[in-house]
Number of protein chains: 2
Amino acid sequence: MRLSCISNFGYTFVMNIESLLKKKNIKVTTARVALLKLLEAASKPVCYEEIKGRIAMDKATFYRNMITFEEAGILNAFESHSKMRYFELGHTPHAHFVCTACNGVECIESIDVQLPGYEIGTIVIHGRCRSCVEAGV
Amino acid sequence: MRLSCISNFGYTFVMNIESLLKKKNIKVTTARVALLKLLEAASKPVCYEEIKGRIAMDKATFYRNMITFEEAGILNAFESHSKMRYFELGHTPHAHFVCTACNGVECIESIDVQLPGYEIGTIVIHGRCRSCVEAGV
DNA sequence: GTTTTAAATGCAACCAAGTTGCATTTGTTA
DNA sequence: TAACAAATGCAACTTGGTTGCATTTAAAAC
Ligand SMILES: [Mn+2]
Ligand SMILES: [Mn+2]
Ligand SMILES: [Zn+2]
Ligand SMILES: [Zn+2]
């Protein structure tokens, strides 16, 4: 892989992405490495609109790779209101909060929903986030 | 309003819809009465696709009236995966389950999510519903 | 009852997030 | 380095929902 792919995280980080992809039998491409670096650096789930300015690839490539990553268990996805799909690395199950005022998305680790007999995938809570409630927005 | 609007629920029911609309200062139209009758008869939230065969109006009228009802507090709405918007009478807050296998939508009254500082609107849980889990779908 | 008026409706065009088909490019393996 | 399958870019497409505007309708004013 190219030197240009070395990130703030250093060479080790780049190697980890490569090994991860190889272990999952996913071809190592510059687009995929760029996406995983971006997702790793992001502290929140991201959607295409948010990051399209920071990636060079076509949106078809973005979405196709998100599907690839999702099927490989590398990331999980959910959709907010406004029909937008959000992606984040990892697949530890937890809920997400989507603010209808500021459109912010937060991971919610603190709640635990149980529904006997059901198999729960994603949980999305809509409402006004703490800072919007405090600010009276 | 027309006699043809008298429903299985009888005259009293029709009067209730009319009074409700009048109380909310919403003009009583045949489209609106038909929609409220259908929502009243439905035991689950409905989306446009599901009911378009049973209503005479254009989809623009359907959606515009749903917005009117929502703003008046007559119904609440949420969107499932697949970008579809569901509507149900009443606005008692409760969660909804959307099955990714059979696309069924269920009201979930049994869970109570608390997020101090946040203002919770709708909660949507995705996964496989009980009958799909049992059937191994 | 008829007229008047603003609001509701139907229609067709539009919108936006995401998907798809296909020619071209790229990564891997031989 | 050659060969080939897989990934990519581009543009066209899909789909659930929205919008502009001419026409119709409900409700109030005569
Ligand atoms: Mn998260
Ligand atoms: Mn419900
Ligand atoms: Zn907010
Ligand atoms: Zn199901």
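Computed over heavy atoms, backbone and side chain alike; hydrogens, waters and symmetry mates excluded. So that the names make sense, note that chain A is the first sequence line, chain B the second, and so on, each numbered from 1.
Of the listed nucleotides (C:dT28, C:dA7, C:dG18), C:dG18 has the atom at the smallest distance from the side chain of A:M84.
Remark: A:R85 engages A:E70, A:E79 in a salt bridge (charged side-chain N to carboxylate O under 4.0 Å, His left out) (not counting sequence neighbours). Looking at residues two or more places apart in sequence or on another chain, you find a ring-ring contact (aromatic ring centres under 6.0 Å, His included) between B:F87 and B:F62. Taking the side chain to side chain contact (heavy atoms under 4.5 Å, CB included) definition, one finds that B:E50 meets it with B:V46, B:C47, B:Y86, sequence neighbours left out. Here B:R130 pairs with A:Y118, B:E134 under the side chain to side chain contact (heavy atoms under 4.5 Å, CB included) rule; sequence neighbours left out.
Going from atom CD1 of B:I26 over to atom C1' of C:dA7 covers 12 Å, rounded to whole Å. The distance from atom CD of A:E50 to atom P of C:dA17 is 12 Å, rounded to the nearest whole Å. Distance CD (B:E18) to C1' (D:dA27): 12 Å, rounded to an integer number of Å. Taking atom CG of residue B:N25 and atom C1' of nucleotide D:dA26, one finds them 14 Å apart after rounding to whole Å. Counting to the nearest Å, the C1' atom of D:dT25 and the CZ atom of B:R32 are 11 Å from each other. Here D:dG9 presents its C1' atom at 11 Å from OH of A:Y48, a figure rounded to the nearest Å. In this entry the distance linking CZ of B:F87 with P of D:dG16 reads 13 Å, nearest Å. Distance CG (B:N103) to C1' (D:dG16): 14 Å, rounded to an integer number of Å.
Nearest heavy atoms, B:M66 versus B:L39: CE-CD1, 4.0 Å.
Mapping B:K27 and B:K83 onto DNA chain D by nearest heavy atom places B:K83 closer to the 5' end of the strand.
For the salt bridge (Lys or Arg N to Asp or Glu O under 4.0 Å) condition, the pairs that include at least one residue of residues 104-127 of chain B, sequence neighbours left out, are A:R128-B:E119.
Hydrophobic clustering (side-chain heavy atoms under 4.5 Å, transitive across Ile, Leu, Val, Met, Phe, Trp, Tyr) keeps B:I111 apart from A:V98.
Near DNA chain D, meaning a heavy atom under 4.0 Å away, the residues from residues 52-67 of chain B are B:K59, B:A60, B:Y63, B:R64.
Put simply, A:T29 has a side-chain N or O that comes within less than 4.0 Å of OP1 or OP2 on D:dT8.
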